[in-house]
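Atom set for the values below is all heavy atoms of this structure, side chains included, hydrogens, waters and symmetry mates excluded. Convention: sequence-line order gives letters A, B, ...; per-chain numbering from 1.
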Amino acid sequence: MDTIKRTEIKNLFTGQAKEKVNQPVCVKGWVRTKRGNKAVAFIALNDGSTINNIQVVADVEKFGEDLLKRISTGASLRVNGTLVESMGKGQSVEIQASEIEIYGQADVSTYPLQKKGHTMEFLRDIAHLRPRTNTFGAVLRVRHNMAFAIHKYFNDHGFFYWHSPIITASDCEGAGEMFQVTTLDLDNLPKNEAGKTDYSKDFFGESTFMTVSGQLEGELGATSLGKIYTFGPTFRAENSNTPRHLAEFWHVEPEMAFYDINDNMDLAEDFIKYLVRYALENCKDDIDFLCKMYDNTLVERLNFVISHDFKRLTYTEAISILEESKHKFDVPVSWGIDLQSEHERYLVEHHFKCPVILTDYPKEIKSFYMKQNDDGKTVRGMDILFPQIGEIIGGSEREADFDKLLTRMKELNMNLEPYQWYLDTRRFGTVPHSGFGLGFERLLMFVTGMTNIRDVIPFPRYPKNAKF
RNA sequence: GCUUCCGUAGCUCAGUUGGUUAGAGCACAUGACUGUUAAUCAUGGGGUCCUAGGUUCAAGUCCUAGUGGGAGCGCCA
């Protein structure tokens, strides 16, 4: 009997599974619950391939109380038996067990997962075991599908997957604090004549950091291969303590030659809608579970996004709406301010009640590389704002004019020396081009309905926490 | 980093104005039940009330500090 080929549990619930009814099957997985009476035990088995459990029916007389007693929540099993149409309600098929092998028990007094009631905070403390829960199984399967869909979308649209470096010597766009990478002995640092640390003795011969963005290198790809995207981890050493920030997060950054700001917005909107649609079509069971257990408006919200145009307006128009709203904001609204969360939420959640794309921000509150408008005041940046999670995408048309870019960098007192390779893209054969950055975990928050970003990545990194 | 709330059984929580031996549900153990659906029912075991100090005749409850966690804000994706 033990030579039957194993079937993954998800394949017992597909259309073809009907052929397997009344046939011998073998499944392997972990016990979610066991219940029953003196005569029969019902074991809900899950192998991670699907949110759905297969019900294993075990006659007590056949297997004996001693064996069944060792089967508790968390135990791992091989079960051989016959796939049959279920006598009970709640499942179409089940396995009438003929042979059960226990791979490993899970001591009920020390195994932390129970078949009921855990908070996200508790599960975060046992992040090494939480993928075994229904919720994290669902979230992580969605995560995989979204990662796959990102590659599929870009590949199908003629983009090339571009590997920007993780370790970098440049402080890209000054976007926040960086983690330093060094092999120097921190207890015995080499000093130069000025008494400062001598980085010429460091591994790379200069000071290096974990990247905060692959954009600048991405622009090198766009101005050679045409359309590229990066998809990898980036790092921010900010002391950010919020449900929307991680110190290590996955960043999707497409960069396109010959795209202006409108092409950029069209791409971003189509891209997000594609991903949401992909999730609805390919992760139905998992999303239905999350909808049922955490947020019964989730499916509705996802459907809304794919069926409505994102509202596009300029920063200046947004300021007018906020000024005329008569809503009392903690931070007063006036042209030139950086929009606060409360302002963005008012626009998205109260005024428009749909995703919003804001463009043409004051140049003072945006990065140096954004294309300057003719008005001399604004730049062609764009932010896509979503309900709950705020900024999900930030991007812009890039300044393609060498003189304008250089002037702006000098205005900001930037050290030009590390950017010479970047400026070469404008020195030689410069072209109009655009790009944006999508926070992968923020997308996942939206798609799964999870309200804390730490719960959409297997091993979250945030201040004071690098466990597992 | 700032503000604010919270920390009581393995888990989720209740605990009145400071007052006898700190409670419930789930989990666990034992028993009942021939098909359960987070099974149900009965009985039972299970506590450093986050830590340290303080106020008081008396502290889970009030005060101070520390520590861990959540939320809001800032930084941003």
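Side-chain proximity of Arg442(A) to C11(B), A77(B), G72(B): nearest is A77(B). Proximity note for Glu391(A) (side chain, C-beta onward) versus A27(B), A77(B), C73(B): the nearest is A77(B). Nearest to the side chain of His245(A), among G69(B), C26(B), A77(B), sits A77(B). Each of U12(B), A77(B), G72(B) was ranked by its minimum atom distance to the side chain of Leu246(A); first place goes to A77(B). The nucleotide whose nearest atom lies closest to any side-chain atom of Arg236(A) is, among A71(B), C76(B), A39(B), C76(B). Here A71(B) is the nucleotide among A71(B), G74(B), A77(B) with the atom lying nearest to any side-chain atom of Pro243(A).
Contact annotation for Leu113(A): no contact, since no heavy-atom pair falls under 4.0 Å across all strands.
Using Watson-Crick or G-U wobble geometry with both donor-acceptor distances under 3.5 Å, A65(B) finds its partner in U51(B). The partner of G46(B) is absent, by the rule that a Watson-Crick or G-U pair needs both atom distances under 3.5 Å. Pairing for U3(B) is with A71(B), a Watson-Crick or G-U wobble pair whose two hydrogen-bonding atom distances lie under 3.5 Å. Pairing of U34(B), defined by two Watson-Crick or G-U wobble distances under 3.5 Å, is not identified with any nucleotide. Remark: A24(B) base-pairs with U12(B); criterion is Watson-Crick or G-U wobble with both hydrogen-bond distances under 3.5 Å.
A straight line from NZ of Lys34(A) to P of A27(B) spans 13 Å, rounded to a whole angstrom. Between the P atom of U12(B) and the CZ atom of Arg124(A) lies a distance of 12 Å, rounded to the nearest Å. In this structure, the CZ atom of Arg32(A) is 12 Å from the C1' atom of A38(B), given to the nearest Å. Going from atom CE of Met445(A) over to atom P of C76(B) covers 18 Å, rounded to whole Å. Atom CD of Gln388(A) and atom P of A71(B) are 13 Å apart (whole Å). Look at CD on Glu344(A): it is 11 Å from P on C76(B), rounded to the nearest Å. Atom-to-atom, NE2 of His343(A) to C1' of C73(B) comes out at 12 Å; the value is rounded to the nearest Å. Atom NZ in Lys366(A) sits about 7 Å away from atom P in A77(B), given to the nearest Å.
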What side-chain donor-acceptor pairs closer than 3.5 Å can you find for residues 336-351 of chain A, not counting sequence neighbours?
unit_1, atom_1, unit_2, atom_2, d
Gln340(A), NE2, Asp338(A), O, 3.0
Glu342(A), OE1, Asp330(A), N, 2.9
Glu342(A), OE2, Asp330(A), N, 3.1
Glu342(A), OE2, Val331(A), N, 2.8
His343(A), ND1, Gln340(A), N, 3.0
His343(A), NE2, Val331(A), O, 2.9
Arg345(A), NE, Glu349(A), OE1, 3.4
Arg345(A), NE, Glu349(A), OE2, 3.3
Arg345(A), NH2, Glu349(A), OE1, 3.4
Glu349(A), OE2, Gln388(A), N, 3.0

Just list the side-chain donor-acceptor pairs under 3.5 Å for residues 26-39 of chain A, sequence neighbours left out, or say none.
unit_1, atom_1, unit_2, atom_2, d
Lys28(A), NZ, Tyr103(A), OH, 3.4
Arg32(A), NE, Arg132(A), O, 3.1
Arg32(A), NH1, Asn134(A), OD1, 2.5
Arg32(A), NH2, Arg132(A), O, 2.5
Thr33(A), OG1, Arg35(A), NH1, 3.0
Lys34(A), NZ, Leu68(A), O, 2.5
Lys34(A), NZ, Ile71(A), O, 3.2
Arg35(A), NH2, Gln55(A), OE1, 3.3
Asn37(A), OD1, Ala39(A), N, 2.8
Asn37(A), OD1, Val40(A), N, 3.0

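Ranked by how close their nearest RNA chain B nucleotide is to the 5' end, Asn452(A) and Gly439(A) are led by Asn452(A).
Using a 3.5 Å distance cut-off with no hydrogens or angles, the side chains of Ser164(A) and Glu217(A) do not pair a donor with an acceptor. Side-chain contact check for Ser213(A) and Glu253(A): at least one donor-acceptor pair (N or O, by modelled atom type) lies under 3.5 Å.
Between the side chain of Tyr294(A) and the backbone N or O of Thr451(A) there is no donor-acceptor pair closer than 3.5 Å. At least one donor-acceptor pair under 3.5 Å links the side chain of Ser76(A) to the backbone N or O of Gly104(A).
Every salt bridge (charged side-chain N to carboxylate O under 4.0 Å, His left out) that Asp288(A) has, sequence neighbours left out, goes to Lys284(A). By the side chain to side chain contact (heavy atoms under 4.5 Å, CB included) test, Asn415(A) pairs with Glu417(A), Pro418(A), sequence neighbours left out. Applying the ring-ring contact (aromatic ring centres under 6.0 Å, His included) test to His245(A) and every residue at least two apart in sequence or in another chain returns nothing. Judged as a ring-ring contact (aromatic ring centres under 6.0 Å, His included), and not counting sequence neighbours, the contacts of Phe154(A) are Phe159(A), Tyr229(A), Phe271(A). Under the salt bridge (charged side-chain N to carboxylate O under 4.0 Å, His left out) criterion, Glu269(A) pairs with Lys273(A), Arg312(A), not counting sequence neighbours.
Rounded to the nearest 0.5 angstrom, Leu12(A) CG and Lys20(A) NZ are separated by 6.5 Å. From Arg130(A), atom CZ reaches atom NE2 of His118(A) across 13.5 Å, with rounding to the nearest 0.5 Å.
Residue Phe440(A) and nucleotide A77(B) are not classified as a stacked aromatic pair, given the requirement of ring centres less than 5.5 Å apart at an interplanar angle below 30°.
For residues 449-468 of chain A, every residue pair satisfying the ring-ring contact (aromatic ring centres under 6.0 Å, His included) rule, not counting sequence neighbours, is listed here: His128(A)-Phe468(A).
The two atoms that bring Leu438(A) and Leu275(A) nearest to each other are CD2-CD1, 4.4 Å, heavy atoms only.
Between the C1' atoms of G18(B) and A9(B), the separation comes to 24 Å (whole Å).
Heavy-atom distances under 4.0 Å link RNA chain B to Ile453(A), Arg454(A) of residues 453-460 of chain A, given in residue order.
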Please produce a list of atom pairs where a protein N or O lies less than 3.5 Å from an N or O of nucleotides 1-4 of chain B.
unit_1, atom_1, unit_2, atom_2, d
G1(B), OP1, Asn239(A), ND2, 2.7
G1(B), O5', Asn239(A), ND2, 3.4
G1(B), N7, Asn239(A), O, 3.3
G1(B), N7, Asn241(A), ND2, 3.4

Which atom pairs link the protein and nucleotides 47-52 of chain B when you take only N or O atoms and keep those under 3.5 Å?
none

**Study point:** Nucleotide-resolved protein contact map, nucleotides 29-36 of chain B, B/S/- at heavy-atom distance under 4.0 Å
**Key:** -S-SBSBB

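Taking 4.5 Å as the limit, some side-chain heavy atom of Leu225(A) sits within range of a side-chain heavy atom of Trp162(A).
The phosphate of A77(B) has neither OP1 nor OP2 within less than 4.0 Å of any side-chain N or O from Thr234(A). For G74(B), the OP1/OP2 oxygens have a side-chain nitrogen or oxygen of Gln340(A) closer than 4.0 Å.
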